[in-house]
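One structure is given below, encoded as structure tokens.
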Protein chains: 2
Amino acid sequence: MRSIKTRQIMELNQTQRNLIEKLGVFHEKTGMPPTESRVLSLLLVSDEIELTFDEIRETLQVSKSAISNALNTLMLTNKIEYITKSGDRKRYFRSNLSNWKKNAADGLHSLLSINALMKEVLAIRTDKTPEFNKDLGDVIAFIDFLQVELLVIFNKWNQLK
Amino acid sequence: MRSIKTRQIMELNQTQRNLIEKLGVFHEKTGMPPTESRVLSLLLVSDEIELTFDEIRETLQVSKSAISNALNTLMLTNKIEYITKSGDRKRYFRSNLSNWKKNAADGLHSLLSINALMKEVLAIRTDKTPEFNKDLGDVIAFIDFLQVELLVIFNKWNQLK
DNA sequence: TTTTTAGTTCTGTTTTAACAGAACTAAAAA
DNA sequence: TTTTTAGTTCTGTTAAAACAGAACTAAAAA
């Protein structure tokens with residue numbers, strides 16, 4: 001038998017719990033489901049940055065199925081990852097902080113992806129509404145502009161680092 | 001009695017309907033409810049850019065209550081507006097295209113508002129995880145940087161115009 | 001081989017969001 | 001004044017999301 005030290009149950013102080021709640025609500029507003037939001041927030045706030053399935057489960061007091069689903073989609077979307085420790089069967093989940101920059105970039109990209117649709121709209125609009133069409137064209141031009149400029153910004157940041 | 005011309009029922013071709021659907025799905029992914037998404041998309045695609053309550057209702061085939069709620073929240077969030085025509089009791093709703101730039105700016109701003117929470121997190125984190133904390137600090141610095149640079153970009157655009 | 005463990009998947013329940021339809025309201029028109 | 005119109009608000013229904021709990025699985029340990 002391996003001597004796997006069972007850690008004492010995770011303790012969160014009230015400040016930490018409040019922050020998890022606030023972060024959770026924030027993420028929910030972006031469309032992320034409650035449990036997923038809480039897990040992600042917990043992994044950001046917790047003193048212990050690597051937590052096992054059961055530690056997360058007990059801390060948040062939700063069912064195994066909910067935790068399982070949350071962890072899996074968080075991994076699929078690259079927001080968390082896990083490591084293993086030799087001689088330990090459990091997986092240790094942790095926030096994928098180093099990837100957040102890329103995640104942010106992805107988020108912005110998908111946000112700007114509406115422009116393809118906008119261009120489709122403009123292409124099929126009647127020519128009887130020139131002013132409206134001009135406004136729409138402006139919006140499209142602005143988003144295109146934004147896309148280019150954001151790339152510049154990202155490069156600038158990477159050079160600073 | 002006033003002679004208010006009842007317009008012929010709105011006709012949308014299949015291309016237009018498909019686009020409304022695609023735009024609708026896009027907006028739904030950002031957390032906007034289905035009917036609201038459809039109304040907003042309709043007002044972008046329709047040849048007639050100013051539509052009455054009932055025209056929208058008949059075109060989309062949904063209930064009055066759904067339309068009423070959708071229109072009101074779209075107005076609250078500044079995505080649409082309405083005009084009136086003298087001697088006509090109806091309101092004519094239209095996409096608030098000229099405000100979309102501001103809406104985009106607002107959207108980005110609220111997106112970046114997570115940084116306040118991130119700073120709260122960093123402030124209360126244990127000092128026993130220096131590497132993690134450093135990564136978190138980097139994320140925060142990046143978002144702060146992004147905020148400033150986005151302002152520059154918006155100004156740059158406004159000068160181009 | 002049997003047993004334990006860490007997590008997954010399935011099924012049913014609860015909760016919440018979204019909507020329909022009817023009753024209602026306020027202002028304008030008749 | 002009454003009637004019509006344009007939209008709102010209320011109540012009940014439907015549909016979908018989120019979750020709990022138990023059964024299950026696969027790999028490791030005993």
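So you know, we letter chains A, B, ... as the sequences are listed, proteins then strands, and number each from 1.
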With a 3.5 Å limit on both atom pairs, tell me what C:dA29 is paired to, counting Watson-Crick and G-U wobble, or say none.
D:dT2
Tell me, please, whether A:Phe53 has A:Lys90 positioned over its six-membered ring: NZ or CZ under 6.0 Å from the ring centre and within 45 degrees of its axis?
no
Can you figure out which of C:dC19, D:dT8, D:dA18 approaches the side chain of B:Ala66 most closely?
C:dC19
With distance as the sole criterion, do the side chain of A:Ser65 and the base of D:dA20 form a donor-acceptor contact below 3.5 Å?
yes
Rounded to the nearest Å, what distance is computed from the NZ atom of residue A:Lys64 to the P atom of nucleotide C:dT5?
11 Å
Between B:Arg57 and C:dG21, is there a side-chain N or O to OP1/OP2 distance below 4.0 Å?
no
Listed nucleotide nearest any side-chain atom of B:Pro34, set C:dC19, D:dA20, D:dT8
C:dC19
Round to a whole Å and report the spacing from CE of A:Met32 to P of D:dC19.
12 Å
Measure the distance from CG on A:Leu74 to P on C:dT8 and round it to the nearest whole Å.
12 Å
Give a yes-or-no answer on whether the side chains of A:Gln16 and A:Asp47 include a donor-acceptor pair shorter than 3.5 Å.
yes
Separation of D:dT25 C1' from A:Phe53 CZ (nearest whole Å):
14 Å
Quick check on C:dA6: is either OP1 or OP2 less than 4.0 Å from any side-chain nitrogen or oxygen of A:Lys90?
yes
Under 4.0 Å between a side-chain N/O of B:Thr52 and OP1 or OP2 of D:dA6, yes or no?
no
Assign B:Asp54 to base, sugar-phosphate, or nothing according to its heavy-atom contacts below 4.0 angstrom with the strands shown.
nothing
Using whole Å, report how far OH of A:Tyr92 lies from P of C:dT5.
14 Å
B:Met75 vs B:Glu81 side-chain heavy atoms within contact, under 4.5 Å
no
Specify the separation, in whole Å, of atom CD1 of A:Ile67 and atom P of D:dA18.
15 Å
Is the closest basic N to carboxylate O distance between B:Glu48 and B:Arg94 below 4.0 Å?
no
Nucleotide of C:dG7, D:dC19, C:dT4 approaching A:Arg89 most closely (side-chain heavy atoms):
C:dT4
Could you tell me whether A:Lys22 and B:Glu120 make a salt bridge, using a distance below 4.0 angstrom between a side-chain N and a carboxylate O?
yes
How long is the line joining CD1 of B:Ile80 and P of D:dG7, in whole Å?
11 Å
Would you say C:dG7 has OP1 or OP2 under 4.0 Å from some side-chain N or O of A:Arg91?
yes
Respond yes when some side-chain nitrogen or oxygen of A:Asn69 is under 4.0 Å from OP1 or OP2 of D:dA18, and no when none is.
no
Partner of C:dA23 by Watson-Crick or G-U wobble geometry, both contacts under 3.5 Å, or none?
D:dT8
Between B:Lys101 and A:Asp135, does any NZ, NE, NH1 or NH2 come within less than 4.0 Å of an OD or OE carboxylate oxygen?
no
Expressed as a whole number of angstroms, how long is the span from A:Asn72:CG to C:dA6:P?
17 Å
Mate of C:dT14 across any strand shown (Watson-Crick or G-U wobble, both atom pairs under 3.5 Å) is D:dA17
